[in-house]
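Scroll down for the structure; my scribbles are underneath it.
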Amino acid sequence: MAFTLGFYTRAVELTTQLMRDEDVNLMGYIADKISREYAQTHNSLLITEAAASGTALKTYASATAIAAGEPEDIVFNDTLSYYLDESNSNAWVTRPSTFGNIASITGNARLYAETPGGSFGRELLGYPVLYSNQVTATAASAKDLYFGNWYYMGYREDPTINLLVNPYRSPGLTILEYSFGAVYKLRQAGALGYGVHPSA
């Protein structure tokens, strides 16, 4: 399995006024912006690989909703169950809105939210739920709910982040560019998968 690094470049635009103002904690702003964009890129790469190489564990009945009983079909998938263990690597990943929709499913009482009312934890069928807006929102053909043992998601990254100031600056702007290398590969397709909505 090839772990060939992909390289990504981002830019931070700094105005002349911002550069001259010593009271705005410029270095803190730059460090925060770079770290957030860096993390967002990693998160996007992770979900993209899970969608491309993971296993379709459940095709929902509806193109626009997840129904009661369908999350159970994901957790209790025969292939996936072989890879679940007692580590902290087993988890759901989805958008907050998707988890909110699941937690709102009702029978005689809420099926997936903790009771009594007002008590609520970010957990589904005994496993933690992690949020990512990189996961597609619920819609036709969408993969909107991931689950499995994330230990089997391998990644490699360049140990350095390259920073440079673009000498071809735009009027009134200083362009700080940074680049880094990273790659994610799922080592066992059966260890991680998703629920997917039909096209209609």
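Both backbone and side-chain heavy atoms feed into the values below; hydrogens, waters and symmetry mates do not.
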Residues 86-97 vs salt bridge (Lys or Arg N to Asp or Glu O under 4.0 Å), sequence neighbours excluded, gives none

Applied to residues 39-58, the salt bridge (Lys or Arg N to Asp or Glu O under 4.0 Å) test, sequence neighbours excluded, yields K58-D73

Any sub-3.5 Å donor-acceptor pair from [X]'s side-chain atoms to [Y]'s backbone N or O?
X    : Y    : answer
S53  : A50  : no
T41  : E37  : yes
K143 : Y194 : no
Q134 : L46  : no

By side-chain hydrogen bond (donor to acceptor under 3.5 Å, both in side chains), Y8 pairs with (sequence neighbours left out) none

Taken in chain and number order and not counting sequence neighbours, the residues that satisfy salt bridge (Lys or Arg N to Asp or Glu O under 4.0 Å) with E157 are none

Using 0.5 Å steps for rounding, measure from the [atom1] atom of [X] to the [atom2] atom of [Y].
X    : Y    : atom1 : atom2 : answer
T55  : L57  : OG1   : CG    : 6.0 Å
Y38  : N43  : OH    : CG    : 13.0 Å
I30  : L176 : CD1   : CG    : 5.5 Å
I102 : L145 : CD1   : CG    : 4.5 Å
I74  : L124 : CD1   : CG    : 8.5 Å
Y82  : N149 : OH    : CG    : 12.0 Å

Original post:
Parallel, tilted or perpendicular: which describes the rings of Y155 and H42, with under 30° parallel and over 60° perpendicular?
Top reply: perpendicular

Can you tell me if T98 and D144 form a side-chain donor-acceptor pair at under 3.5 Å?
-> no

### Query
For D85 and N90, what are the C-alpha separation, side-chain angles and deciding distance, and is it a side-chain contact (heavy atoms from CB on, under 4.5 Å)?
CA-CA 7 Å; D85 53 30; N90 307 311; 3.5 Å; yes

What heavy-atom pair brings [X] and [Y] nearest, and what distance separates the two atoms?
X    : Y    : value
I175 : E13  : CD1-CG, 3.7 Å
S62  : A65  : OG-N, 3.2 Å
S132 : V93  : CB-CG1, 3.9 Å
G190 : T79  : CA-CG2, 4.0 Å
A142 : T136 : CB-CG2, 3.7 Å
V75  : L84  : O-CD1, 4.1 Å

Hits for ring pair (Phe, Tyr, Trp, His ring centres under 6.0 Å) against Y151, two or more places apart or cross-chain, chain-then-number order -> none

Applying ring pair (Phe, Tyr, Trp, His ring centres under 6.0 Å) to Y152 and not counting sequence neighbours gives Y83

Ring pair (Phe, Tyr, Trp, His ring centres under 6.0 Å) with Y127: of F99, W92, F147, only one passes, and it is F147

Minimum side-chain heavy-atom gap L5-R156 below 4.5 Å: yes

